[in-house]
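Worksheet for the structure shown next.
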Amino acid sequence: TPSTATVLLEVSDAEGRQYPLLTQNRHGRGKAFFVPIPLLSLHGEDVVPRALLDHVFDLVLPPGERLLCTDAPDTVEVVLRKKESRYVVHLVNMAPGTREVINSGNRRHTKITAIEPAGECHVVVKTPARPVAVELQPQGTALHEWEYDDGRLDIHLGGVTIHQMVVVTMPE
């Protein structure tokens with residue numbers, strides 16, 4: 001039973017008893033959330049249904065408030081970095097693919113021999129203004145399939161083979 005936390009989401013067991021699943025506690029100017037489940041586990045029997053994960057994340061941080069949103073497959077790791085007047089979105093395809101273990105002395109290395117490219121996706125970045133340029137790196141290719149509306153930059157990507165960067169240059 002939470003004493004100081006606010007219950008944001010409850011679940012019930014087979015007998016109909018209610019239990020808190022997501023709670024929030026304020027601390028100073030911030031908030032702390034607690035979810036007593038393995039949120040991001042994709043292993044074994046501890047896999048949480050995607051719909052429940054999406055609902056928890058939507059309650060904690062609604063999509064309109066997020067700095068980054070994407071519809072990239074779960075096999076694509078997406079990271080946003082900001083450096084000076086640029087945003088850099090890294091997309092890394094982590095699909096299983098085919099790997100070969102190479103033994104070198106007492107060390108083992110894994111070599112990716114084949115990997116299925118991730119398909120088309122959108123990346124939406126919250127920006128303070130319309131960007132002056134959007135490009136793919138390391139190719140140095142300008143991207144033209146993007147839209148900017150009310151602080152949200154929506155970028156269409158053709159896919160990700162292994163690692164792709166999207167560099168968004170903002171006005172100075």
Side-chain angles (χ1 to χ4, degrees), residues 8-9 21-22 33 35-104 107-171:
L8 300 177
L9 184 62
L21 180 65
L22 172 63
F33 295 91
V35 184
I37 57 175
L39 265 183
L40 300 175
S41 175
L42 297 175
H43 308 287
E45 296 184 21
D46 291 333
V47 177
V48 177
R50 185 75 217 184
L52 178 58
L53 285 177
D54 290 343
H55 187 59
V56 167
F57 288 124
D58 287 349
L59 288 170
V60 171
L61 188 62
E65 296 177 24
R66 296 177 190 171
L67 296 178
L68 174 77
C69 291
T70 185
D71 62 356
D74 289 342
T75 57
V76 177
E77 182 177 307
V78 183
V79 177
L80 174 65
R81 299 277 189 243
K82 185 171 188 295
K83 184 175 182 181
E84 297 162 3
S85 63
R86 293 183 300 169
Y87 292 87
V88 180
V89 180
H90 292 269
L91 297 104
V92 181
N93 185 359
M94 304 292 285
T98 306
R99 288 162 168 73
E100 174 185 332
V101 176
I102 300 170
N103 293 309
S104 175
R107 303 188 80 176
R108 294 172 54 129
H109 304 281
T110 303
K111 175 183 173 184
I112 299 172
T113 55
I115 192 167
E116 185 71 28
E120 295 182 10
C121 66
H122 282 87
V123 173
V124 179
V125 181
K126 186 175 180 180
T127 62
R130 182 180 185 82
V132 294
V134 179
E135 62 183 12
L136 292 177
Q137 288 294 347
Q139 301 94 318
T141 305
L143 271 177
H144 302 291
E145 292 189 50
W146 59 270
E147 296 176 14
Y148 181 78
D149 183 38
D150 196 27
R152 312 294 285 175
L153 173 64
D154 186 342
I155 306 162
H156 177 261
L157 294 174
V160 178
T161 304
I162 299 287
H163 176 225
Q164 184 63 69
M165 290 182 288
V166 179
V167 178
V168 178
T169 305
M170 301 303 298

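The chain is numbered in sequence order, starting from 1.
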Got a second to check how far [X]'s [atom1] is from [Y]'s [atom2], nearest 0.5 Å?
X: L22; Y: L9; atom1: CG; atom2: CG; value: 6.0 Å
X: I162; Y: L91; atom1: CD1; atom2: CG; value: 12.5 Å
X: L136; Y: I155; atom1: CG; atom2: CD1; value: 9.0 Å
X: N93; Y: I115; atom1: CG; atom2: CD1; value: 4.0 Å
X: L68; Y: R81; atom1: CG; atom2: CZ; value: 11.5 Å

Can you tell if the side chain of [X] reaches within under 4.5 Å of the side chain of [Y], non-hydrogen atoms only?
X: P131; Y: W146; answer: yes
X: T141; Y: L143; answer: no
X: V125; Y: V166; answer: no
X: Q137; Y: V88; answer: no
X: V56; Y: L8; answer: no

Quick one: closest heavy-atom pair of [X] and [Y], and the distance?
X: T127; Y: M170; result: CB-CE, 3.7 Å
X: P63; Y: C69; result: O-SG, 3.7 Å
X: H122; Y: T70; result: O-OG1, 2.8 Å
X: P128; Y: Y87; result: CD-OH, 3.3 Å

Non-neighbouring partners of D154 that pass salt bridge (charged side-chain N to carboxylate O under 4.0 Å, His left out), sequence neighbours left out: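 For D154, no residue satisfies salt bridge (charged side-chain N to carboxylate O under 4.0 Å, His left out) once neighbours in sequence are set aside.
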Evaluate V35 against V60 for side chain to side chain contact (heavy atoms under 4.5 Å, CB included), listing each step before the verdict. CA-CA 11 Å; V35 184; V60 171; 5.7 Å; no
By side-chain hydrogen bond (donor to acceptor under 3.5 Å, both in side chains) - contacts of E147 (at least two apart):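 E147 satisfies side-chain hydrogen bond (donor to acceptor under 3.5 Å, both in side chains) with no other residue.
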Strictly distance-based, threshold 3.5 Å: is any side-chain N or O of T75 a donor or acceptor partner for the main-chain N or O of M94?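 Not at all, since once roles are kept as given, no pair shorter than 3.5 Å links the two residues.
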Which pairs with one or both residues in residues 157-171 pass side-chain hydrogen bond (donor to acceptor under 3.5 Å, both in side chains), sequence neighbours excluded?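 The answer is H90-H163, Q139-Q164.
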Summary of salt bridge (charged side-chain N to carboxylate O under 4.0 Å, His left out) pairs that have at least one residue in residues 128-140, sequence neighbours excluded: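 Sorted pair list comes back empty.
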By the salt bridge (charged side-chain N to carboxylate O under 4.0 Å, His left out) test, which pairs, at least two apart or in different chains, include something from residues 57-67?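 Every salt bridge (charged side-chain N to carboxylate O under 4.0 Å, His left out) pair that includes a residue of residues 57-67, provided the two are not neighbours, is D58-R66.
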Contacts of K126 that satisfy side-chain contact (heavy atoms from CB on, under 4.5 Å) - sequence neighbours left out: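 K126 satisfies side-chain contact (heavy atoms from CB on, under 4.5 Å) with L67, R152 only.
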